[in-house]
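Down below is the structure, laid out as structure tokens.
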Amino acid sequence: MKLIGPFKQLITLRNLPLRGKLSDNQLEIIENGGILIENDLVKKVGDFDVIASEAKASVEIIKIDGEQIALPSFVDSHTHILFGGNRSNDFAMRNAGKSYLQIAEQGGGIWSSVLHTREESKEELLEKLLKRIGFLLNLGISTIEIKSGYGLNVENELKMLRIIKEAQTKTPATLIPTCLAAHLKPKDFNGTNEDYLNYILKEILPKVKEGNLAKRVDIFIEKTVFQPEESRSFLLKAKEMGFEITVHADQFTSGSGRLAAEIGAKSADHLEATIDEDIDFIAKSETVATALPGASLGLGEKFTPARKLLDAGAILAIGSDWNPGSAPMGNLITQASILATFEKLTTAEVLAGITFRAAHALGLNKIGKLEDNYTANFVTFKTDNFQNILYNQGSLKMENLYINGNKI
Ligand code: NIG
Ligand code: FE
């Protein structure tokens, strides 16, 4: 066992509920805090001196230097960080007046990333992926969801998921893979959308399962991509095969957020265009609503109505959506801080959204709080006040990251 501290402030998040709005006076702040760790789990949190005085001689006491605060490390529950190539020209074209969907229709967009990703070798892609994971670790993010979706055929979707599996052997971060073969019907597929979705069900998902490559399935439901009814039947079949469901929903047009909640998806992500009645419907469901401010910032579109969702009782998570097209920035802390200023989110709501609420969207229920028997994943900052993390909008760098009780 080891005891780490003393921390000027320990923000535990342990008493916060899974859903709904939060006020900052609900935050538990332990001054002079200590974290007692056994193997990879939190054994106890509390006053450092009290824990130290009760501790057996065998407990290793690790004193941290200078004034630091600690809180659960972050979870990014929605990324597309495995990709080849670059879409800076899409960004420039959008800023010169073309829309995201127009650029996609003209051969840019997701399809151009598919071509680049198919082209690059496994080694090249793995190296780029590990670099992006490193960037996220440096922000204090210890759990990262990663989607496929730039392969779009058996060979290349499996190639992507196998690279993610290999990356897991080379990083201390916890990686959660998701099969997003339904990102787009690829231009070289001969058949209708429905044919392509059936091809995913018959040819891709059984192999994903067999190779234990992902337990989650995602789809992009949107006007020029997959339609609600064909998507519903696809998702229900994927669910029957034992996959958890997540949906790219209501990014530009509404309707699919409600669909996601109706079929019991773990999360409905984006929701920038969700209409008021559907906000209410999603908020009362078990489906996590995931705001992706990085996509709003990358596209110059409105933000997910996070305030309304929380007020209506939703489980609100915040993800980066880091991808080469709509969300090239990748800095979840900057994005969450900016979302807070526009949507008027409390610090407690933002911290919950990038810790245990995001973990819940990934089906991880012992991650994201400093609480007994939770995984000992936490991040420290050299500052005397935790409010500085969001106040600095991402420019306050973390000091140390601990994953499974070990300093990274
Ligand atoms: O979440 N909306 C669909 N998928 C991604 C964008 C992927 C891309 O443009 O390459 C998103 O925004
Ligand atoms: Fe996305």
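For ligands, and for the atoms within them, numbers begin at 1 and follow the listed sequence.
Contact analysis puts His270 in contact with ligand 1, with a non-hydrogen atom separation below 4.0 angstrom.
Under a 4.0 Å criterion applied to the non-hydrogen atoms of Tyr150, ligand 1 contributes the atoms 7 (C), 8 (C), 10 (O). For ligand 1, the atoms sitting less than 4.0 Å from at least one non-hydrogen atom of His248 are 1 (O), 2 (N), 3 (C), 4 (N), 11 (C), numbered in the order shown with element in parentheses. In summary, the atoms of ligand 1 found under 4.0 Å from a heavy atom of His183, numbered by their order in the structure, are 3 (C), 4 (N), 5 (C), 7 (C). Using a 4.0 Å cut-off to heavy atoms of Arg87, the atoms of ligand 1 that qualify are 8 (C), 9 (O), 10 (O). Listed by number with element, the atoms of ligand 1 under 4.0 angstrom from any heavy atom of Ile110 are 7 (C), 8 (C), 9 (O), 10 (O).
You'll find the side chain of Leu161 reaches within 4.5 Å of the side chain of Cys179, heavy atoms only.
With respect to the salt-bridge test (charged N to carboxylate O, under 4.0 angstrom), the residues Lys170 and Glu127 do not qualify. Ion pairing between Lys207 and Glu210 fails under the 4.0 Å rule for side-chain N and carboxylate O. Ionic pairing of Lys43 and Glu38 is present here: one or more N-O contacts between side-chain nitrogen and carboxylate oxygen are shorter than 4.0 angstrom. With respect to Lys266 and Asp218, no salt bridge is recorded, no charged nitrogen being found less than 4.0 Å from a carboxylate O.
A side-chain donor-acceptor contact under 3.5 Å links Gln26 to the backbone of Ser23. No donor-acceptor pair under 3.5 Å is formed between the side chain of Asn392 and the backbone N or O of Ser395.
Residues His116 and Phe83 keep their aromatic ring centres 6.0 Å or farther apart.
At a heavy-atom cutoff of 4.0 Å, ligand 1 is contacted by both the backbone and the side chain of Ser326.
The number of heavy atoms from other shown groups lying within 6.0 Å of NZ (Lys187) is above 12.
For the Fe ion (ligand 2), protein N, O or S atoms closer than 2.8 Å were enumerated as His78 NE2, His80 NE2, His248 NE2, Asp321 OD1, with waters left out.
When only interatomic distances are considered, the shortest N/O to N/O separation between Gln251 and ligand 1 falls below 3.5 Å.
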